[in-house]
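The next block holds one structure in the form of structure tokens; read it before the comments.
Along the sequence shown, the residues carry numbers beginning at 1. Please read all numbers here as calculations on a predicted model, not as lab measurements.
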Amino acid sequence: MLLVLSENWTLTGGRADLPTAVRWAREAEDAGFDAVMVSEHIVLGPDAGAAGVMGNPRDYALPGNQDPYTPWPNSLLLLASIASVTSRLRLAAAAVLAPLRHPLLLARELGTLDLLSEGRLVVQPTVSWSRDEYAALGVPFGKRGRLLDEHLQIWAKAWGPSPVSHDGEHYPFQDVYFEPKACRPDGPRLWFGGQGMHGPLLRRLVRYGHGFHPLGRPTPEDMRQLGDAMAGAGRDIADLEMIGGTQAVFPDDRSPADLGTALASIPEQLELGFTTFCIKPNQFIDDPNGIGTFCRDVMRRVERVTA
């Protein structure tokens, strides 16, 4: 199980109580969880809530449904703090907005965190959806896909032997020495995800991916495309970690969801090949001091539904 640590501020009085989030991660590890996840934004603009703010503040933030005052602390710094108080927990840096940084700088940050955690880092790079965020940072929104692709090319080079050169459209450089590397010779594990099996996602998964984290349930056609593409590249789809989730159903805009109902789909997802399941605690509890108890309850229930 994977504990989602982003967007839980209903448990901390509406502000980003980061030491509490670090404690939650330690409690999740003690309860038997495999991983924690932290997502990011650098800034938000008016387009964050352009589609209307979510009804229940416990729900997941999606494009255009969130309060622009939502706290988004730096995910890599928060995960570094978590790495220092845990020993086994994987650290998933989800929705890393790669095009908003230079690839060598981001490779340095990711590699350092991977070394600090002794290879526990998982990275899910993405391009995101907010034009306002790109505009504030002076990055062309229309080029975000090409920028991400160039990031991935440069990261692959940076994890390899120095010196490194890159003759690309956006980030050319010659003969730089990138030391130290990440913990693994090929860098941190990379997950990719999104809504629908579009061409760029498929290409990145096949070339660089270690895990598939879709938004929602992929269709049989999506999985067929992925399997065919992996086989065509000499890879086996079974080598990809499949990341699923729990679906919270809120009775109203004020109350938490029922945990048992949310976990009921796990056996079906296991049958489809999913092995890692994300759960966000504030969807189910309102007590910031109850995370350890919640995580132990989740593990007991998962053991029962998968027995």
Side-chain angles (χ1 to χ4, degrees), residues 1-17 20-39 53-62 65-67 70-71 78 82 86 88-92 94-95 122 124 191 193 211 213-218 241-307:
M1 295 298 295
L2 180 154
L3 192 71
V4 178
L5 292 178
S6 302
E7 308 169 46
N8 281 284
W9 312 123
T10 59
L11 288 174
T12 59
R15 64 181 298 273
D17 186 349
T20 295
V22 173
R23 173 171 58 83
W24 292 343
R26 188 175 64 248
E27 292 173 348
E29 180 176 72
D30 291 343
F33 270 58
D34 172 68
V36 293
M37 175 182 286
V38 182
S39 301
V53 176
M54 64 185 76
N56 193 315
R58 298 169 177 82
D59 210 348
Y60 277 106
L62 296 172
N65 81 339
Q66 56 195 285
D67 184 342
T70 301
L78 179 54
I82 291 169
T86 58
R88 178 186 53 79
L89 207 63
R90 289 192 296 165
L91 313 171
V122 176
Q124 184 171 325
W191 290 353
H213 184 193
L215 179 61
R217 193 75 59 85
E241 181 177 1
M242 299 287 291
I243 301 91
T246 52
Q247 181 62 50
V249 179
F250 300 106
D252 52 52
D253 286 346
R254 302 174 304 281
S255 305
D258 178 71
L259 178 59
T261 302
L263 296 174
S265 69
I266 286 182
E268 178 189 354
Q269 293 184 70
L270 284 168
E271 288 291 326
L272 295 173
F274 290 87
T275 57
T276 300
F277 303 97
C278 305
I279 191 164
K280 188 159 78 85
N282 80 324
Q283 295 191 323
F284 307 99
I285 64 172
D286 287 327
D287 179 8
N289 296 314
I291 296 295
T293 300
F294 169 78
C295 289
R296 289 189 293 274
D297 187 23
V298 168
M299 295 304 295
R300 283 193 298 267
R301 289 172 182 256
V302 169
E303 287 175 6
R304 286 201 297 268
V305 300
T306 58

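- Among residues two or more places apart in sequence or in another chain, the side chain to side chain donor-acceptor pair (under 3.5 Å) test is passed with Thr275 by none.
- Shown here are the side chain to side chain donor-acceptor pair (under 3.5 Å) partners of Thr70, two or more places apart in sequence or in another chain: there are none.
- Side-chain N or O atoms of Trp191 include none that pairs as donor or acceptor with a backbone N or O of Val122 at under 3.5 Å.
- For Thr86, the side chain to side chain donor-acceptor pair (under 3.5 Å) partners are Arg120, not counting sequence neighbours.
- Remark: the backbone N or O of Phe33 is paired with a side-chain donor or acceptor of Arg88 at under 3.5 angstrom.
- Remark: Glu27 engages Arg23 in a salt bridge (Lys or Arg N to Asp or Glu O under 4.0 Å) (not counting sequence neighbours).
- Listed by first then second residue, pairs satisfying salt bridge (Lys or Arg N to Asp or Glu O under 4.0 Å) with a partner in residues 250-265 read Asp252-Arg254, not counting sequence neighbours.
- In this structure Met54 satisfies the side chain to side chain contact (heavy atoms under 4.5 Å, CB included) test together with Asp59, Ala61, Asn65, Gln66, sequence neighbours excluded.
- Shown here are the side chain to side chain donor-acceptor pair (under 3.5 Å) partners of Arg296, two or more places apart in sequence or in another chain: Thr293.
- Residues passing the side chain to side chain contact (heavy atoms under 4.5 Å, CB included) test with Ala262, sequence neighbours excluded: Thr246, Phe284.
- For residues 278-293, every residue pair satisfying the salt bridge (Lys or Arg N to Asp or Glu O under 4.0 Å) rule, not counting sequence neighbours, is listed here: Arg58-Asp286.
- Partners of Arg301 by salt bridge (Lys or Arg N to Asp or Glu O under 4.0 Å), not counting sequence neighbours, listed by chain and number: Asp297.
- Asp34 is linked by a salt bridge (Lys or Arg N to Asp or Glu O under 4.0 Å) to Arg90, counting only residues two or more places apart in sequence or in another chain.
- A salt bridge (Lys or Arg N to Asp or Glu O under 4.0 Å) check over residues 267-278, counting only residues at least two apart or in different chains, returns the pairs Arg217-Glu268.
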